[in-house]
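All values below were derived from every heavy atom in this structure, side-chain atoms included, with hydrogens, water molecules and symmetry-related copies excluded. Bear in mind that the values here come from a model prediction, so they are computed numbers and not experimental data.
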Amino acid sequence: MSVEIKLSRSNRTYRPNDPLRGNIITRLPSSISHRGIHLTLNASVNLQVRGGSAGFIESIYGVLKPIRIVKKSIQVQPSGKISAGTTQIPFSIILNDGGKDDKFYETFHGENISIQYLLNVDVVRGYLHKSLSATVEFIVESEFAILPISPEMVFFYITQDTQRHSLLPELKSGGFKISGRICTQCLVSDPLVGELTVEASAVPVYSIDIHLLRVESIMVGENIATETSIVQTTQIADGDVCHNLPLPIYVMLPRLLTCPTVFAGPFSVEFKVTILVTFQTELYNVQTKSDPRALRKWVAMESLPLELVQSK
């Protein structure tokens, strides 16, 4: 025997004032009695601080108290019976609590911050029988931010003089210049776009990659624990590209791993984009490449803040 929740929207995406409609589906080999079917909506911001990555208090490690967004329960059916076979029980529940101070953050799955919206059903069967339960996660999109008509494009230059780490002698003496532009403010549902041109390079280019990074910050007492991690890497050039030829930048943003930029009291979620240029050298083939963010002598990079917003 089993129970599941099937939402009416196949993409499971909702806004704060939308009703959640769907069916509770039971599959039973024989009829059963129950003491009520209850539906619970639970949404919260889950925070975790790791001592090693926080850097200011090594003894801090663990899960902090979640920040509740909304929690409400309804009774779908009173005590009764469910027939054998497959049964569909319709339900409807409003997403918000009806309070004026309700603050809905968008669904987000990060390293230390997770914003989740869960719908749980319990078919209560009494003391001698285990309740039948099921949980489904759905996606919430906010409706408070508005994107300007034109996304903001920022021009960038990558040369041997813009690097803050040491470079190989052949890169430092021969020089290189990569220029371009990239969108630093865009909709979370739209691709990250721009273009890049290798104008000159004394050493051949091995690859050009775009790193999307998230910056998660959590307030712990009077301190702030911040951790930066890579969301995804997209290669836009492989091998030594033609000079003075514009290369398009087109990066799809992963929905659950990104969200509109958030600055809340106890936490914040920000994003960055890094253009990473790797040059062909002998050292590249013998050195380990476990962390793509590491400042190595055969790479050049430029990092820019990225603001993600949601449309109405």
Side-chain angles (χ1 to χ4, degrees), residues 52-56 111 151-186 191-217 224-253 258 261 270-308:
S53 61
F56 61 89
E111 287 285 329
E152 183 178 346
M153 302 291 289
V154 171
F155 290 88
F156 63 86
Y157 296 91
I158 305 175
T159 69
Q160 65 276 8
D161 298 324
T162 63
Q163 304 305 296
R164 298 183 179 180
H165 64 287
S166 60
L167 296 171
L168 292 174
E170 55 264 37
L171 288 174
K172 194 70 175 177
S173 60
F176 55 88
K177 183 179 180 182
I178 296 98
S179 63
R181 60 176 185 163
I182 193 168
C183 179
T184 57
Q185 184 188 60
C186 65
L192 178 65
V193 296
E195 64 178 19
L196 177 148
T197 302
V198 179
E199 298 185 22
S201 179
V203 178
V205 173
Y206 182 83
S207 69
I208 303 176
D209 301 278
I210 303 295
H211 292 323
L212 175 63
L213 301 100
R214 59 189 164 218
V215 183
E216 300 170 284
S217 300
I224 298 177
T226 300
E227 183 172 355
T228 301
S229 56
I230 292 180
V231 177
Q232 71 175 21
T233 297
T234 304
Q235 186 182 55
I236 64 170
D238 182 17
D240 193 24
V241 299
C242 295
H243 292 184
N244 298 310
L245 176 67
L247 302 174
I249 297 174
Y250 192 92
V251 178
M252 296 299 298
L253 303 178
T258 57
T261 303
E270 303 171 76
F271 296 92
K272 290 182 179 181
V273 58
T274 297
I275 301 98
L276 185 74
V277 182
T278 304
F279 297 94
Q280 294 183 24
T281 65
E282 294 182 0
L283 280 177
Y284 177 83
N285 296 321
V286 299
Q287 295 288 334
T288 58
K289 311 166 189 66
S290 57
D291 187 358
R293 295 172 298 170
L295 300 177
R296 304 188 185 279
K297 294 183 178 182
W298 56 85
V299 301
M301 65 177 65
E302 178 68 23
S303 293
L304 299 167
L306 173 65
E307 181 182 4
L308 300 181

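- Taking all atoms of both residues into account, the shortest heavy-atom contact from L253 to C186 is CD1-SG, 4.3 Å.
- The distance from the CE atom of M153 to the CZ atom of R181 is 4.5 Å, given to the nearest 0.5 Å.
- Panel note: side chain Q163, backbone M301; a donor-acceptor pair is recorded below 3.5 Å.
- For T234, the side chain to side chain contact (heavy atoms under 4.5 Å, CB included) test picks out Q232, V251, with sequence neighbours left out.
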Review item, side-chain donor-acceptor pairs of residues 164-177, under 3.5 Å, at least two apart:
residue	atom	partner	partner atom	Å
H165	NE2	R296	O	3.1
H165	NE2	V299	O	2.9
S173	OG	P169	O	2.8

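- Using a 4.0 Å cut-off between charged nitrogen and carboxylate oxygen, R214 and E270 do not count as a salt-bridge pair.
- When every heavy atom of E111 is checked against every heavy atom of S229, the shortest pair comes out as CG-OG, 3.4 Å.
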Only distances under 3.5 Å count here; give the side-chain donor-acceptor pairs of residues 194-204 to other protein atoms, sequence neighbours excluded, each with its distance to 0.1 Å.
residue	atom	partner	partner atom	Å
E199	OE2	S179	OG	2.5
S201	OG	V203	O	2.4

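- Between the side chain of S207 and the backbone N or O of T278, no donor-acceptor pair lies under 3.5 Å.
- Heavy atoms only, all atoms of each residue included: A300 and I158 are closest at CB-CG2, 3.8 Å.
- Not counting sequence neighbours, the partners of S217 by the side-chain hydrogen bond (donor to acceptor under 3.5 Å, both in side chains) test are T226.
- When the side chain to side chain contact (heavy atoms under 4.5 Å, CB included) test is applied to P191, the partners found at least two apart in sequence or on another chain are V193, Y250, M252.
- Contact record, F271 with T258: CZ-CA, 3.8 Å, taken as the closest heavy-atom pair.
- Going from atom OG1 of T184 over to atom CG of L304 covers 7.0 Å, rounded to the nearest 0.5 Å.
- The two residues C183 and Q185 have their closest heavy-atom pair at SG-O, 2.8 Å.
- How far CD1 of I182 is from CD1 of I249: 4.5 Å, rounded to the nearest 0.5 Å.
- Two residues are said to be in side-chain contact when any heavy atoms from C-beta on lie closer than 4.5 Å; I178 and Y157 fail this criterion.
- Under the 4.5 Å side-chain criterion, counting only non-hydrogen atoms from C-beta, I275 is in contact with I210.
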For this session: Evaluate side-chain contact (heavy atoms from CB on, under 4.5 Å) for L212 paired with I230, printing each intermediate quantity in order.
Result: CA-CA 6 Å; L212 175 63; I230 292 180; over 6 Å; no

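- A 4.5 Å side-chain heavy-atom check between L213 and V273 finds every atom pair outside the cut-off.
- Proximity of L306 to K272: side-chain heavy atoms (C-beta onward) are nowhere separated by under 4.5 Å.
- Among residues two or more places apart in sequence or in another chain, the side-chain hydrogen bond (donor to acceptor under 3.5 Å, both in side chains) test is passed with T274 by S303.
- Looking at D240 and Q280, their side chains come closer than 4.5 Å, going by heavy atoms from C-beta outward.
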